[in-house]
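To start, the structure under review is shown below, and the notes come after it.
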Amino acid sequence: MTEPTYSELTDSIVRAGSWEGLRIALRDGVPYIIERDSVALPTPIPMRFAPGTLREYYRKIAEDALHGRPESPWEWWMDLMSTHLGEAMYDLDRLDGPAEITIGEFGFTATPIRTDQRSTFEFAHTAGGFRRVKSGRR
């Protein structure tokens, strides 16, 4: 069994994304989700992982296919990609703030993007909740 290249793996993510209603574009080898259900996203969602991490993810799925599955490792990978992308989008919907797609213990997942930690914010409690009143740099 020959292992797919990083380029083949990212191309497979683009293809599987279309099955989930996602339009994914590659920018400098990095997949970005740019549309969801034919609606352009205001901010593209990056899929951040090292090439080696994506290959390890493939190997883990391929290994499962070798244990009694009728599909080839590549077919099993493709079957699971759309499911895992759908799960990542579900995770994304549950987050409140900017996020990126990463590879977690169980596949693709949405991970909050940390904001610039040098910024400081002060909040004031109002009748409607909290509001930001000051932003600055340390």
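Every value quoted in this text rests on a predicted model; they were computed, and no experiment measured them.
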(request) With sequence neighbours excluded, tell me which residues meet side chain to side chain contact (heavy atoms under 4.5 Å, CB included) with S18. (result) none
(message) Enumerate the salt bridge (charged side-chain N to carboxylate O under 4.0 Å, His left out) contacts for residues 65-74, please, sequence neighbours excluded, ordered by first and then second residue.
(response) R69-E71
(message) Just to verify, what does L95 make a side chain to side chain contact (heavy atoms under 4.5 Å, CB included) with, not counting sequence neighbours?
(response) A99, A110, P112
(request) Kindly say whether S72 contributes a backbone atom to a donor-acceptor pair with the side chain of E75 at under 3.5 angstrom? (result) yes
(message) Please check if the number of heavy atoms outside Y90 that lie under 6.0 Å from its OH is greater than 12.
(response) no
(message) So R15 and M81, do their side chains get closer than 4.5 Å, heavy atoms only?
(response) no
(message) Applying salt bridge (charged side-chain N to carboxylate O under 4.0 Å, His left out), can you list everything that pairs with D37, at least two apart in sequence or on another chain?
(response) none
(message) Any heavy-atom pair between the side chains of W74 and S12 that's under 4.5 Å?
(response) yes
(request) May I ask you to test the E63-P73 pair for a side-chain heavy-atom distance under 4.5 Å? (result) no
(request) Carefully, step by step, assess L9 and W77 under the rule side-chain contact (heavy atoms from CB on, under 4.5 Å). (result) CA-CA 9 Å; L9 291 172; W77 166 261; 3.8 Å; yes
(request) Taking all non-hydrogen atoms of both residues into account, name the closest pair between I24 and P31 and its distance. (result) CG2-CB, 3.7 Å
(request) Report the residues that fulfil side chain to side chain contact (heavy atoms under 4.5 Å, CB included) with S82, sequence neighbours left out, ordered by chain and then residue number. (result) A16, W19, E20
(message) Going by salt bridge (charged side-chain N to carboxylate O under 4.0 Å, His left out), name the residues that satisfy it together with E35, two or more places apart in sequence or in a different chain.
(response) R23
(request) Could you name each residue pair satisfying side-chain hydrogen bond (donor to acceptor under 3.5 Å, both in side chains) that touches residues 45-56, not counting sequence neighbours? (result) R48-E100, E56-R59
(message) Restricting to non-hydrogen atoms, name the atom on I13 and the atom on L85 that form the minimum distance, rounded to 0.1 Å.
(response) O-CD1, 3.8 Å
(request) Check step by step if side-chain contact (heavy atoms from CB on, under 4.5 Å) holds for I33 and L92. (result) CA-CA 12 Å; I33 301 169; L92 184 70; over 6 Å; no
(request) Mind checking the CD1-CD1 spacing from I45 to I101? Nearest 0.5 Å is all I need. (result) 6.0 Å
(request) Provide the closest heavy-atom pair for G29 versus Y6 in the form atom of the first, atom of the second, distance. (result) O-OH, 3.2 Å
(request) Using the test side chain to side chain contact (heavy atoms under 4.5 Å, CB included), find all partners of L80 that sit at least two apart in sequence or belong to another chain. (result) I61, W76, H84
(request) State which residues pass side chain to side chain donor-acceptor pair (under 3.5 Å) with D91; sequence neighbours excluded, sorted by chain then number. (result) T109
(message) If hydrophobic residues (ILVMFWY) are linked whenever their side-chain heavy atoms come closer than 4.5 Å, directly or via other members, who joins Y32 in its cluster?
(response) V30, I34
(request) Could you pull out all residues at least two apart from T83 that satisfy side chain to side chain donor-acceptor pair (under 3.5 Å)? (result) none
(message) Any heavy-atom pair between the side chains of T43 and P98 that's under 4.5 Å?
(response) no
(request) Please list, chain by chain and in numerical order, all residues satisfying side chain to side chain donor-acceptor pair (under 3.5 Å) with D28, sequence neighbours excluded. (result) none
(request) Could you tell me whether the side chain of F108 reaches within less than 4.5 Å of the side chain of I103, counting heavy atoms only? (result) yes
